[in-house]
S.K.: 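After the structure tokens below, expect a handful of questions from me.
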There are 2 protein chains.
Amino acid sequence: MIDIMTAKYSGEYVPPILTVDGVVLQLINNQLNVLLIRRPEEPFKDYWALPGGYNAQGETTTQALNRILRAKAGFSVKDFALVEQLYTFDTVARDPRGHAVSVTYTCLGHNLAPKTSKTTQNPQFFPISHLPKNLAYDHADIIKYAHDRLSAKITYTNAIYALLPKFFTLTQLQKAYEAVFGRELDKRNFRKKFLDLNLIAPTGDLFREGAHRPAKLYKFNKQHLETLSRSFD
Amino acid sequence: MIDIMTAKYSGEYVPPILTVDGVVLQLINNQLNVLLIRRPEEPFKDYWALPGGYNAQGETTTQALNRILRAKAGFSVKDFALVEQLYTFDTVARDPRGHAVSVTYTCLGHNLAPKTSKTTQNPQFFPISHLPKNLAYDHADIIKYAHDRLSAKITYTNAIYALLPKFFTLTQLQKAYEAVFGRELDKRNFRKKFLDLNLIAPTGDLFREGAHRPAKLYKFNKQHLETLSRSFD
DNA sequence: ACAAAAGTGTTAAGAATACACCCATGT
DNA sequence: ACATGGGTGTATTCTTAACACTTTTGT
């Protein structure tokens, strides 16, 4: 093994490849969806993958994330209501081009629509429950990890706000939780418990759609991450 | 901004410096302690710092962690009962030598004693409640972050096993929780709740010390991380 | 006999769960 | 009038929290 300190000072220190991947999640039709791109080249040519790319010197990982999501899927990190670091993966075998370290981020938003351009790589949202079979690298594991973390996070923080529109009904809120948890919740208990948290307030407006009683609209008091006093569900 | 993909294939891709830091924690006299080294050179010469160093190409971050902890503090990752990734920090300003990305790990153990050698850098344990004032970089923040994460982790996992000896008394266990939480717990409630989790079993042996009733010794059923059904405290 | 830590139960308050009907609207 | 989703309360079980004395040992 080389002496890394010596190597550095004699100009021989060579860092591993550093990459950044984004796990972009949103709700579509009350289902949790993830953004994938189609890889235009080897390795894993024509496989679906999380948007990702190289992190260059002088760039922070979030700057790299922003650049990569813009180039490959037409998104800016400003399109997301919440961006959080997920995990840093590294294995020698992970990338056939050699040893790589990948910093992954989870990006949450609402009504996200990829804008295609010359550089985008066929970005599309897929329901997490029905991912394509040909997923590149270990991206299926990373998506599962992101899902698990999100599921935990919405139980002890207000993170669910990032998946909802600014104004929403209690039923929408409940469906959002159900989509992430993957199970149904009791309506009366859900409302009682959630309203007790004082995270949301009624706007006074009503949401009308279809032949039934209109629903009260609510909004979150805080649009940034907060840890709950009592955890939820 | 350079075209990173093109740069790569024309051999121009230059990754940032990648470093790895370890937050080594253990209990000493029922106090949570962290391992620091004294920096032998600039930047932050003679400041106390978390042991850390460069991650070279071909090394995984845990391999780098192992190499660095061995060189600077005489530890092997095998000395720790639990090693977990903490967070990946990156800011251009973090390291005066230029943009760096640092992957940090938390290492938990019991009865850890640094072994000094030619390469070690005066490794010493400090109580988290009384850290030296001259801490390098943002290491005070990183230590606080590790502490917060550990505090959360021991409430929903069995991670506390990693801070205890193989055989321990219920009082030792309670003191370990109290040391991490930074507050006292009720003895009767603690025992009732913890024993209900079925994480530990009595060994049948007794621990005698001093002029008082001897204590039953227990051991953890699993010496690896487990998520609890009901979270604790 | 004394000092010191180990060990042990009950009560009260709060939280979680299970569960079914009326309300307001559009067609 | 009917179909549709919105909205609401109570009883039970479980969990948490508060609290003090007896036991076993070494000196």
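Quick note on labels: first sequence line is chain A, next is B, and so on, each numbered from 1.
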S.K.: Check Glu84(B) with Arg149(B), please: is the shortest side-chain N to carboxylate O separation under 4.0 Å?
M.R.: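 A salt bridge is absent here (no side-chain N lies under 4.0 Å from a carboxylate O).
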
S.K.: Testing the basics here: between Ile68(B) and Gly52(B), what is the closest heavy-atom pair and its distance to 0.1 Å?
M.R.: CG2-C, 3.5 Å

S.K.: In whole angstrom, give the distance that lies between atom NZ of Lys193(A) and atom P of dA16(C).
M.R.: 5 Å

S.K.: Within this structure, what is the CG-to-C1' distance between Leu228(A) and dA15(C), rounded to whole angstrom?
M.R.: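 One finds 15 Å between C1' of dA15(C) and CG of Leu228(A), rounded.
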
S.K.: Is the ring pair Phe75(A)/Phe80(A) parallel, tilted or perpendicular, if the boundaries are 30 and 60 degrees?
M.R.: tilted

S.K.: Looking at residues 173-184 of chain A, who's got a heavy atom less than 4.0 Å off DNA chain D?
M.R.: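 Those residues whose heavy atoms fall under 4.0 Å from DNA chain D, taken from residues 173-184 of chain A, amount to none.
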
S.K.: To the nearest Å, give me how far apart NZ (Lys187(B)) and P (dT16(D)) are.
M.R.: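 To the nearest whole Å, that distance equals 21 Å.
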
S.K.: Side chains of Asp233(B) and Thr155(B) only: does a donor on one sit below 3.5 Å from an acceptor on the other?
M.R.: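 Judged by distance alone, the side chains do not pair up.
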
S.K.: How long is the line joining CG of Leu195(B) and P of dA6(C), in whole Å?
M.R.: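 Rounded to whole Å, this separation is 14 Å.
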
S.K.: Pairing donors with acceptors under 3.5 angstrom, does anything connect the side chains of Thr61(A) and Asp90(B)?
M.R.: yes

S.K.: A cation-pi test, strictly: NZ or CZ of Lys222(B) under 6.0 Å from the centre of the six-membered ring of Tyr161(B) and no more than 45 degrees from its axis. Yes or no?
M.R.: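 Pair Lys222(B)/Tyr161(B) does not count as cation-pi.
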
S.K.: Does the side chain of Gln124(A) pick up a donor-acceptor pair with the side chain of Asn122(A) at under 3.5 Å?
M.R.: yes

S.K.: On the nucleotide dG7(D), are OP1 or OP2 found under 4.0 Å from the side-chain N or O atoms that Arg191(A) carries?
M.R.: yes

S.K.: Do His110(B) and Leu164(B) pass the side-chain contact (heavy atoms from CB on, under 4.5 Å) test, and can you show the C-alpha distance, the side-chain angles, and the key distance before you say yes or no?
M.R.: CA-CA 6 Å; His110(B) 173 74; Leu164(B) 290 166; 5.7 Å; no

S.K.: Does any residue of residues 203-217 of chain A have a heavy atom under 4.0 Å from DNA chain C, and if so, which ones, in number order?
M.R.: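 Within this stretch, Arg208(A), Gly210(A), Ala211(A), His212(A), Arg213(A), Pro214(A) sit under 4.0 Å of the strand.
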
S.K.: Check this for me: does any side-chain nitrogen of one of Lys144(B) and Asp148(B) sit under 4.0 Å from a carboxylate oxygen of the other?
M.R.: yes

S.K.: Using the six-membered ring wherever Trp is involved, compare the ring planes of Phe220(A) and Phe194(A) and label them parallel, tilted or perpendicular (cut-offs 30° and 60°).
M.R.: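 The rings of Phe220(A) and Phe194(A) stand perpendicular, inter-plane angle above 60°.
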
S.K.: May I have the distance from Gln172(B) (atom CD) to dA5(C) (atom P), rounded to whole angstrom?
M.R.: 14 Å

S.K.: Does Lys193(B) count as lying over the ring of Phe232(B), i.e. NZ or CZ under 6.0 Å from the six-ring centre, within 45 degrees of the axis?
M.R.: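 Pair Lys193(B)/Phe232(B) counts as cation-pi.
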
S.K.: Please state whether the phosphate of dA5(C), meaning OP1 or OP2, lies under 4.0 angstrom from any side-chain nitrogen or oxygen of Thr171(B).
M.R.: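 For Thr171(B), the contact criterion (side-chain N or O under 4.0 Å from OP1 or OP2 of dA5(C)) is not met.
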
S.K.: What does the list of N/O pairs under 3.5 Å between the protein and nucleotides 10-15 of chain D look like, with a distance for each?
M.R.:
unit_1	atom_1	unit_2	atom_2	d
dT10(D)	O4	Lys192(A)	NZ	3.3

S.K.: Arg188(A) has an atom CZ; how far is it from atom P of dC23(C), in whole Å?
M.R.: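 Arg188(A) atom CZ is separated from dC23(C) atom P by 15 Å.
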
